[in-house]
Amino acid sequence: MKKKLLQIITLALICLATTNCHAQYYTGQKVFKDKFPSEIKDYNQDTYLKIENAGGDIIVAIENIRTGRVIQHAYIKSNDTYKFNGIPVGAYVCKYMWTDNNGRKHFQEDDSSMKYGVDEVGGYVITLKPTQFGNLSSSEITENEFFD
């Protein structure tokens, strides 16, 4: 009887562990659909922003400088790549959110912008790679500034 109970408990723990693994976010997931407005894409523009994430899991939001509106965002897993497509004409900055190993949330915004013109083809590639002195010029922002 004890052996049977132990088998049932072990099976239940395995099921719970498997469920937790499937509950994690995936690259490209729109984890903040309820906090950001609907996505804006221009399907007539053959433009993109490709994020190569060599660090830990991160959320990237693309903000239009003129309107202050986030047009697209996505969760990007560590060592994964995500490509935002159909970036409309305008100037944009990226905002970043991640959680460190101590559970603290961090928010940053690029110090430089990316410009997309009319009938432009192509885009930008940003590689997020941890380095001792940083590899991207960005500034800390608050959580409210990230979601505004």
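Just so we're clear, the structure is a prediction, and the values are computed from it rather than from any experiment. Count residues from 1 along the sequence.
Going from atom OG of S138 over to atom CD of E109 covers 9.0 Å, rounded to the nearest 0.5 Å. Put simply, CD1 on I40 and OG1 on T67 are 6.5 Å apart, with the number rounded to the nearest 0.5 Å. Atom CG of residue N85 and atom CD of residue Q45 lie 12.0 Å apart, to the nearest 0.5 angstrom. Between the CG atom of D80 and the OG1 atom of T27 there is a distance of 3.5 Å, given to the nearest 0.5 Å. From N64, atom CG reaches atom CZ of R69 across 9.0 Å, with rounding to the nearest 0.5 Å. Atom-to-atom distance recorded for F84:CZ and I126:CD1 is 9.0 Å, nearest 0.5 angstrom.
Linking Ile, Leu, Val, Met, Phe, Trp and Tyr whenever their side-chain heavy atoms come within less than 4.5 Å leaves L128 and V93 in two separate clusters. Residues Y48 and Y116 are members of separate hydrophobic clusters, defined by side-chain heavy-atom contacts under 4.5 angstrom among Ile, Leu, Val, Met, Phe, Trp and Tyr. Grouping the Ile, Leu, Val, Met, Phe, Trp and Tyr side chains by contacts below 4.5 angstrom, directly or via other members, places I59 apart from Y26.
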Item to check | Audit row: D110, Y92, side chain to side chain donor-acceptor pair (under 3.5 Å) steps and yes/no | outcome: CA-CA 9 Å; D110 286 345; Y92 300 90; over 6 Å; no
Next on the checklist: Is there a side chain to side chain contact (heavy atoms under 4.5 Å, CB included) between K77 and Q24? Walk through the geometry before answering.
Outcome noted: CA-CA 10 Å; K77 292 186 74 66; Q24 292 183 358; 4.1 Å; yes
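Closest approach of G28 and A74 over heavy atoms only: CA-CB, 4.0 Å. In plain terms, the two heavy atoms of P37 and V70 that are nearest each other are CG-O, 4.0 Å. In terms of heavy atoms, K33 sits closest to H73 at N-CE1, 3.9 Å. When all heavy atoms of F146 and K95 are compared, the pair lying nearest together is O-NZ, 2.8 Å. Residues A91 and K115 share a closest heavy-atom pair of CB-CG, 4.1 Å. For the residue pair L49 and C94, the shortest heavy atom distance occurs at CD2-SG, 3.4 Å.
Remark: side-chain polar atoms of K41 are not paired, donor with acceptor, to backbone N or O of G86 under 3.5 angstrom. Side chain of D42 to backbone of I87: no donor-acceptor contact under 3.5 angstrom is found.
Listed by chain and number, the residues in a side-chain contact (heavy atoms from CB on, under 4.5 Å) with T99 are K105 (sequence neighbours excluded). When the side-chain contact (heavy atoms from CB on, under 4.5 Å) test is applied to T142, the partners found at least two apart in sequence or on another chain are N144, E145. Partners of K30 according to the salt bridge (Lys or Arg N to Asp or Glu O under 4.0 Å) rule, which considers only residues two or more places apart in sequence or in another chain, are E39. Evaluation of the ring pair (Phe, Tyr, Trp, His ring centres under 6.0 Å) rule for F147 yields F32, F36 as partners, not counting sequence neighbours. Under the side-chain contact (heavy atoms from CB on, under 4.5 Å) criterion, D100 pairs with N102, R104, H106, sequence neighbours left out. Among residues two or more places apart in sequence or in another chain, the side chain to side chain donor-acceptor pair (under 3.5 Å) test is passed with T81 by none.
No more than 12 heavy atoms of other residues, nucleotides or ligands sit less than 6.0 Å from atom CG of D119. Counting non-hydrogen atoms of other residues, nucleotides and ligands closer than 6.0 Å to CG of D34 gives a total above 12.
Ring geometry, Y25 versus Y75: the interplanar angle falls from 30° to 60°, so the pair is classed tilted.
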